[in-house]
Amino acid sequence: ALSSSGMSSEIRLQTLILVLTLAWHRASCASVSEHLSAGSDEDANELARTRRAACSEGDCKNGGICWPGAVTSSTPPCLCPEAYSGTDCTVRKDFCSSTSGGGATRASPCQNGGTCSNTDTSPWYHCSCVPGYTGTNCEINIDDCASKPCANGLCSDLVNDYSCSCFTGWEGRNCNINHNDCPTGACLNGGRCIDGNGTFTCDCTDTGFAGDRCQINIDDCASKPCANGLCTDLVKNYSCSCFTGWEGRNCSVDTDYCLSGPCQNGGVCSDGNSTFTCDCSRVDFQDDTCSSKIDDCASSPCQHGGRCIDGVRSFTCDCSATDFNGPNCQSRID
Ligand SMILES: [Ca+2]
Ligand SMILES: [Ca+2]
Ligand SMILES: [Ca+2]
Ligand SMILES: [Ca+2]
């Protein structure tokens with residue numbers, strides 16, 4: 001029966017304490033009641049008289065209570081309030097420098113530089129704390145970090161003060177100032193520096209450059225914009241060097257070599273890949289630009305003294321002054 005779990009053992013102990021307390025209380029009451037009812041009526045009357053003699057109204061000052069429980073002298077037996085002592089409760093105890101049991105003067109109960117003054121109510125003294133402390137005895141260092149004053153940092157509580165240990169990139173008493181992390185020339189080629197927390201980034205928008213620091217010239221030839229030519233990368237631009245026969249910004253325009261009208265005298269121009277050609281077949285001119293008049297009589301096609309009349313890519317022989325006829329005056333007239 002003695003072995004049991006810890007819980008039931010604890011309950012048994014509490015029960016035992018309760019029983020003992022009740023027994024003691026009953027015994028005390030019995031003792032008082034026995035005392036009051038002890039002896040003869042004459043003894044009781046004597047006790048009452050003694051009490052009346054010992055306790056006159058006002059014998060105990062400062063709220064002291066007269067309690068003639070064990071009267072042995074004529075002095076009033078006073079039960080004094082905590083702040084007073086002496087036979088009639090007139091000696092004010094000094095709670096600001098009360099003496100300890102050994103007789104040594106105890107220091108003021110007010111800690112951390114608080115100023116002590118005696119008062120009329122419990123706890124019979126008051127501590128006026130220096131800034132930064134609170135509590136009955138100024139024992140509490142007020143948490144100056146409670147309001148979270150360090151916006152971007154760690155707070156250390158001090159006396160009526162605090163200090164902030166700022167996170168990287170922040171500064172100022174309350175770590176609320178964003179340190180400028182953009183060094184001069186941080187971003188190249190006109191990039192805009194954006195301040196961060198202990199670092200920076202570059203905004204290269206509209207600069208024609210890319211990369212962490214806008215150091216990379218974006219390849220504007222990547223999309224192969226030159227249809228018929230070689231591309232050269234520039235800043236936010238490109239240039240095309242066109243192959244023969246092409247022109248325009250993107251070399252996509254076929255050069256029209258006939259545009260200047262190179263064929264003369266009614267020659268028909270044909271545009272080619274690198275030059276033009278003139279069709280002179282229907283006009284009486286020849287060479288590359290139809291500029292040379294064709295003399296169809298140059299080969300003297302009319303015989304026997306016939307007169308040659310130059311035509312358009314043809315000739316006519318006038319044989320009238322001869323004795324010959326035929327297209328070339330080649331036949332004798334019989
Ligand atoms: Ca503090
Ligand atoms: Ca910054
Ligand atoms: Ca570029
Ligand atoms: Ca052409």
Side-chain angles (χ1 to χ4, degrees), residues 109-115 127-166 172-176 187-192 202-264 267-281 287-290:
C110 304
Q111 303 171 24
N112 300 307
T115 303
C127 291
S128 181
C129 305
V130 298
Y133 287 100
T134 187
T136 304
N137 296 329
C138 305
E139 74 279 14
I140 300 171
N141 182 345
I142 295 171
D143 182 7
D144 296 282
C145 290
S147 61
K148 303 189 190 321
C150 305
N152 298 283
L154 298 178
C155 188
S156 294
D157 183 37
L158 302 175
V159 176
N160 198 33
D161 199 4
Y162 60 86
S163 72
C164 296
S165 177
C166 299
R173 169 166 163 75
N174 294 327
C175 303
N176 57 354
C187 302
L188 306 174
N189 301 303
R192 190 171 62 88
C202 292
D203 179 5
C204 309
T205 303
D206 290 336
T207 63
F209 287 82
D212 290 347
R213 302 185 65 179
C214 308
Q215 76 277 23
I216 301 170
N217 187 343
I218 294 172
D219 183 8
D220 296 283
C221 290
S223 61
K224 303 188 189 312
C226 305
N228 299 283
L230 298 178
C231 187
T232 300
D233 181 37
L234 303 175
V235 175
K236 289 179 70 177
N237 203 356
Y238 59 85
S239 72
C240 295
S241 177
C242 300
F243 298 140
T244 300
W246 298 94
E247 61 188 28
R249 169 166 165 72
N250 294 328
C251 304
S252 57
V253 178
D254 189 337
T255 300
D256 183 1
Y257 289 97
C258 290
L259 196 61
S260 61
C263 300
Q264 302 172 32
V268 177
C269 186
S270 291
D271 179 40
N273 285 336
S274 62
T275 184
F276 60 89
T277 53
C278 293
D279 177 6
C280 310
S281 63
D287 78 24
D288 289 347
T289 57
C290 308

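First listed ligand is number 1; within each ligand, the first listed atom is number 1. Residue numbers run from 1 in the order of the sequence given.
Residue side and main chain included, Leu234 places an N/O/S atom under 3.0 Å of the Ca ion (ligand 3). Backbone or side-chain N, O or S atoms of Phe276 do not reach the Ca ion (ligand 4) at under 3.0 Å. With a cut-off of 3.0 Å, the Ca ion (ligand 3) has an N, O or S atom of Ile218 in range. With a cut-off of 3.0 Å, the Ca ion (ligand 1) has no N, O or S atom of Gly132 in range. Between the Ca ion (ligand 4) and Tyr257 there is no N/O/S contact shorter than 3.0 Å. At a threshold of 3.0 Å, the Ca ion (ligand 1) has a backbone or side-chain N, O or S atom of Leu158 nearer than that distance. In summary, an N, O or S atom of Asn217 is located under 3.0 Å from the Ca ion (ligand 3).
Nearest to the Ca ion (ligand 4), among the N, O or S atoms that Asp254 has, is OD1. Asp144 contributes OD2 as its N, O or S atom closest to the Ca ion (ligand 1). Shortest distance from the Ca ion (ligand 3) to Asp233 is reached at OD1 (N/O/S atoms only).
Cys269 has its SG atom within less than 2.5 Å of the SG atom of Cys258. SG atoms of Cys150 and Cys164 are separated by less than 2.5 angstrom, consistent with a disulfide link. Disulfide criterion (SG-SG under 2.5 Å) for Cys290 and Cys278: not met.
Checked options Cys202, Cys204, Cys214; the residue passing with Cys187 is Cys202 (criterion: disulfide (SG to SG under 2.5 Å)).
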* Dump the intermediate steps for salt bridge (charged side-chain N to carboxylate O under 4.0 Å, His left out) on Asp161 and Arg173, then the final yes or no. => CA-CA 11 Å; Asp161 199 4; Arg173 169 166 163 75; 3.0 Å; yes
* Asked: How far apart are the C-alpha atoms of Leu158 and Asp144, what are their side-chain angles, what is the distance that settles it, and do they pass the side-chain contact (heavy atoms from CB on, under 4.5 Å) test?
  -> CA-CA 7 Å; Leu158 302 175; Asp144 296 282; 5.7 Å; no
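The structure places CG of Asn112 at 7.5 Å from CG of Asn141, a figure rounded to the nearest 0.5 Å.
Rounding to 10 degrees, one finds that the Ca ion (ligand 1) sits at the corner of an angle of 130° between Asn141 OD1 and Asp157 OD1. Seen from the Ca ion (ligand 4), atom O on Gly272 and atom OD2 on Asp271 lie at an angle near 120° (rounded to 10 degrees).
Side-chain contact between Val235 and Phe209: present, with at least one pair of heavy atoms (C-beta onward) separated by less than 4.5 Å.
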